[in-house]
Amino acid sequence: MMKNKEMYSIGQVEKICKVTKKALRYYDKMNILSPDMVRDDNGYRYYSKQSMLYVPIIKYYKQTGFKLEEMKDLLDGTTYDVCEKTFRNKIDDLKEIQKEVQLKLQSLLDWYQLVIEAQCVLEKNYNEVCMKYIENDRLLYLDQVFEYDYMDSIINTEFTNYVQDTKNAITGPVIIKYDSFGHKINGQCKKARIMQKKLLPCDEEKLVDFGGCMMVSCYHIGDHETINNTYDKILCWIEKHGYECDESSYERYVVDYWTIKNKDKYVTEILIKIKNRKLIK
């Protein structure tokens, strides 16, 4: 240190400010923070205390999201107007990033919850029929042809493109509604409605209600090709308990082709709306 001029070598600035020499040289290259003196004989760089104190400012600007090239005007003795405009623009940028991160986080959290749900079903071998209330939700939907190709229907390129065209994003399980579970069981189903929870606002005509009622529920474990066995179990339960049910059914694909390849580990929840109990004569 050249005490008489209160100058600090680049090594001392590195230790005092906890910033690498490489970073300091880069700051100089970007005209963000340059040394006050460079010796001719050996090229050693020296900083005044005033210059050194810009390092914490640079760190704070980095913390708030500014890139080095965006800091130059702010560090060059900016005016209030420049500062206000620059800050406002950065706030708008960060809000957009925040929306993107929140969308990604929500999508991942919902997928994670499906994995946890499937693990619980598999570990407990939980495939008993029960009745439960399904909360109402408004889902993005698309009516399309159904040809008993489950992989094509669940991954569904057409629906993915539709979501993209509507500038939306989806999350949670794929749910497919079949207008007649009788036709579905007998191989006569020709149409289906694919539904999924949206993440962004959209026109109401693109949404459909799901839930808001009591439904009979049963998890099907394994290949979708054997799902009729679970339908039979549900229908026996409905008959035994004297209920009347809707003609339509919903298959809620908890874990499927999207997550794993082992079909024996697929978990699908079948849901059928309950109307009321039959009158006992």
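For the pair K21 and Y26, the minimum side-chain heavy-atom distance is 4.5 Å or more. A heavy-atom distance below 4.5 Å is found between the side chains of Q119 and I116. The closest side-chain heavy-atom distance from Y150 to E225 is below 4.5 Å. Here the side chains of I58 and L68 are in contact, with some heavy-atom distance below 4.5 Å. The closest side-chain heavy-atom distance from T166 to K206 is below 4.5 Å. Counting heavy atoms from C-beta on, the side chains of Y253 and Y266 never come closer than 4.5 Å. Looking only at side-chain heavy atoms (C-beta outward), M52 and I16 come within less than 4.5 Å of each other. With contacts defined as side-chain heavy-atom distances shorter than 4.5 Å, the pair P35/Y46 does not qualify.
To the nearest 0.5 Å, atom CD of residue Q98 and atom CD of residue Q102 are 7.5 Å apart. If you take OG1 on T79 and CG on L74, they are separated by 10.0 Å, rounding to the nearest 0.5 Å. To the nearest 0.5 Å, the span separating SG on C17 from OH on Y8 amounts to 9.5 Å. Of the inter-residue distances, the one linking S180 atom OG with K190 atom NZ reads 13.0 Å to the nearest 0.5 angstrom. Rounding to the nearest 0.5 Å places CG of D137 at 8.5 Å from NZ of K198. With values rounded to the nearest 0.5 angstrom, K273 atom NZ is found 12.5 Å from E247 atom CD.
At distances below 3.5 Å, at least one donor-acceptor pair connects side-chain atoms of N42 with backbone N or O atoms of Y44. Counting only distance, with no hydrogens or angles, the side chain of S34 and the backbone of N31 share no donor-acceptor pair below 3.5 Å. Remark: side-chain polar atoms of D256 are paired, donor with acceptor, to backbone N or O of W258 under 3.5 angstrom.
No side-chain donor-acceptor contact under 3.5 Å links T160 and T157. Side chain to side chain, H224 and Y148 fail the donor-acceptor criterion of an N or O pair below 3.5 Å. In summary, the side chains of D179 and S248 do not present any donor paired with an acceptor at a separation below 3.5 Å, with no hydrogens or angles considered. If you check the side chains of Q144 and Y162, you find no donor sitting under 3.5 Å from an acceptor. Residues W111 and T259 bring a donor and an acceptor atom of their side chains to less than 3.5 Å of each other.
Nearest heavy atoms, T230 versus C218: CG2-SG, 3.7 Å. Of all non-hydrogen atoms in G43 and V38, the two that sit nearest each other are O-CG1, 3.6 Å. Residues S51 and L33 share a closest heavy-atom pair of O-CD1, 3.5 Å. C202 and N168 make their closest contact through CB-ND2, 3.4 Å (heavy atoms, listed as atom of the first residue, atom of the second, distance). Nearest heavy atoms, V255 versus L114: CG2-O, 3.8 Å. Closest approach of F159 to L140, counting heavy atoms only: CZ-O, 4.0 Å.
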Side-chain donor-acceptor contacts of residues 121-132 below 3.5 Å, not counting sequence neighbours, with atom names and distances?
unit_1, atom_1, unit_2, atom_2, d
K132, NZ, E269, OE2, 2.7

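Contacts of Y231 classified as side chain to side chain donor-acceptor pair (under 3.5 Å), with partners at least two apart in sequence or in another chain: S249, E251.
Heavy-atom contacts from other residues, nucleotides or ligands closer than 6.0 Å to NZ of K85 number 12 or fewer.
Using a 4.0 Å cut-off between charged nitrogen and carboxylate oxygen, D76 and K72 count as a salt-bridge pair. Salt-bridge formation is detected for the pair R138/E204: a Lys NZ or Arg NE/NH1/NH2 atom is positioned less than 4.0 Å from an Asp or Glu carboxylate oxygen. Look at D92 and K95 and you find no salt bridge, because none of the NZ, NE, NH1 or NH2 atoms lies under 4.0 Å from a carboxylate O. Salt bridge E70/K67: absent, no basic N to carboxylate O contact under 4.0 Å.
Grouping Ile, Leu, Val, Met, Phe, Trp and Tyr residues whose side-chain heavy atoms lie under 4.5 Å apart, directly or via other members, places L105 in a hydrophobic cluster with L109. In this structure, I134 belongs to a hydrophobic cluster whose other members, linked by side-chain heavy atoms under 4.5 Å apart, are L139, Y141, I175, M195, V208, F210, M215, Y250, L271. Through direct or relayed side-chain contacts under 4.5 Å between Ile, Leu, Val, Met, Phe, Trp and Tyr, Y60 connects to no other residue. Hydrophobic cluster membership for L199: L103, L200 (Ile, Leu, Val, Met, Phe, Trp, Tyr linked by side-chain heavy atoms under 4.5 Å, directly or transitively).
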Stepwise side-chain contact (heavy atoms from CB on, under 4.5 Å) check, F66 with T86
CA-CA 10 Å; F66 285 100; T86 306; 3.5 Å; yes
Test V55 against L24 for side-chain contact (heavy atoms from CB on, under 4.5 Å), laying out the working first.
CA-CA 9 Å; V55 175; L24 289 167; 4.3 Å; yes
Could you check D28 against R45 for side-chain contact (heavy atoms from CB on, under 4.5 Å), going step by step and ending with a plain yes or no?
CA-CA 10 Å; D28 184 19; R45 299 159 181 253; 2.7 Å; yes
Stepwise side-chain contact (heavy atoms from CB on, under 4.5 Å) test for M30 and M71:
CA-CA 10 Å; M30 295 292 292; M71 298 179 194; over 6 Å; no
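Between H183 and F146, the distance separating the two ring centers is not shorter than 6.0 angstrom.
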